[in-house]
Amino acid sequence: MDVVVGMKEERAGRLEGRTAIVTGSTYGIGEAIAKILAGEGAISIVTGRSEDEGGRVVEEIRSGGGAAEYYSLDVTSEKRVEEVARAVYEGYGRIDILVNNAGIGGPSKPTHEYTRREWERVFDVNVTGAFLCTKHVIPYMKRGGGGNIVYISSIYGIVGSQDNPAYHATKAANRIMAKTGALIYAKDNIRVNSVHPGFIWTPMVEEFLIEQSKELGVPLEDLKRELGARHPIGHLGEPEDIGYGVLYLVSDEAKFVTGSELIIDGGYTSR
């Protein structure tokens, strides 16, 4: 995990020497977050369930002069969450940042058509997974004198919608988990915030639109344009848009920010 000195000297280094665990960071928003944090001097702990994709992200970070390491992680497994948190702390002597990004969308259908198993699966990943990661990282942050936790929620943790009821319920839970954590751990110098993306062009959104395209018989590109037009800014967001928001929240520039919700949605919720 050597870092190219020349590259480090060119960086602003806002996170120099800090260790950041980003869950679900083998693609999409999580990948962008891991890369941006590493670009500011953090050691990015890339986690997910695909060793191939995790290795790719780590290699891309290292080839750019950053530091990163991959850990296989299913956030619904408390045993594995505990193992990863311990290994990171023992390997680097600190855990400064946790980004609870891992999540799944769940079925897009009315609430009454859900099976209990479908409903609980979404909560297991998006809510219980975030809880387990927070639970096992907090003691190390306290030991190190502080830290930052960010929950990647959604605009649908704030406003309602007519689809994906389980997903939206979990994102509302993430929002309140952040506010509750901010109150509990302020005395420990641990800041906790949430980020609320609008529609970001990620594999999850693409998969959702592909399903809609098949169901409605409408070309994918037409649906993408229509979705972008729902945002006053006129287009979908990119994963980096969320990554830079997270960077702000975990940096010293946000030292007076905790229990807050950062909405990055191209104006979607301003309507």
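This chain uses plain numbering: 1 for the first residue, then up along the sequence.
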Legend entry - Stepwise side chain to side chain contact (heavy atoms under 4.5 Å, CB included) test for Asn101 and Ile29: CA-CA 8 Å; Asn101 170 73; Ile29 289 174; 3.7 Å; yes
Inset, instruction - Decide side chain to side chain donor-acceptor pair (under 3.5 Å) for Thr76 and Asp74; before the verdict, give the C-alpha distance in whole Å, the side-chain angles of both, and the deciding distance to 0.1 Å. - result: CA-CA 5 Å; Thr76 67; Asp74 176 351; 2.7 Å; yes
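Note that Arg143 lies in the cation-pi zone of Tyr89, set by a 6.0 Å cut-off to the ring centre and a 45° limit from the axis.
Listed for the Asn164 side chain is a donor-acceptor partner under 3.5 Å among the backbone atoms of Gly106.
Expressed to the nearest 0.5 Å, how far OG1 of Thr269 lies from CD1 of Ile264 amounts to 11.5 Å. Atoms CZ and SG, on Arg80 and Cys133 in that order, are 11.5 Å from each other to the nearest 0.5 Å. Note: Lys224 NZ to Leu236 CG = 6.5 Å, rounded to the nearest 0.5 Å. How far CD of Glu31 is from CD of Glu240: 8.5 Å, rounded to the nearest 0.5 Å. Taken to the nearest 0.5 Å, the OG atom of Ser194 stands 7.0 Å off from the CZ atom of Arg175. With values rounded to the nearest 0.5 angstrom, Ile43 atom CD1 is found 4.0 Å from Thr19 atom OG1.
Glu238 CD: more than 12 foreign heavy atoms inside a 6.0 Å radius. Around OH of Tyr27, the count of heavy atoms belonging to other residues, nucleotides or ligands within 6.0 Å does not exceed 12. In Gln162, the CD atom is not crowded: 12 or fewer heavy atoms of neighbouring residues, nucleotides or ligands sit closer than 6.0 Å.
Asp96 is not listed as a side-chain neighbour of Val250, based on a closest heavy-atom distance of 4.5 Å or more.
Note on Arg18 versus Glu40: no salt bridge recorded, every NZ/NE/NH1/NH2 to OD/OE distance being 4.0 Å or above. Residues Glu261 and Lys179 are paired through a salt bridge, judged by an N-O separation under 4.0 Å between the basic side chain and the carboxylate. Salt bridge present: Arg56 and Glu53 bring a charged side-chain N and a carboxylate O closer than 4.0 Å. In summary, Glu82 and Lys135 do not engage in a salt bridge, as defined by a charged side-chain N under 4.0 Å from a carboxylate O. Between Asp265 and Arg230 there is no salt bridge, since none of the side-chain N atoms of the basic residue sits less than 4.0 Å from a carboxylate O of the acidic one. A salt bridge links Asp222 to Arg225: at least one charged side-chain nitrogen sits closer than 4.0 Å to a carboxylate oxygen. Salt bridge present: Glu118 and Lys109 bring a charged side-chain N and a carboxylate O closer than 4.0 Å.
Residues Tyr151 and Ile158 fall into different hydrophobic clusters, defined by Ile, Leu, Val, Met, Phe, Trp and Tyr side chains chained together at heavy-atom separations under 4.5 Å.
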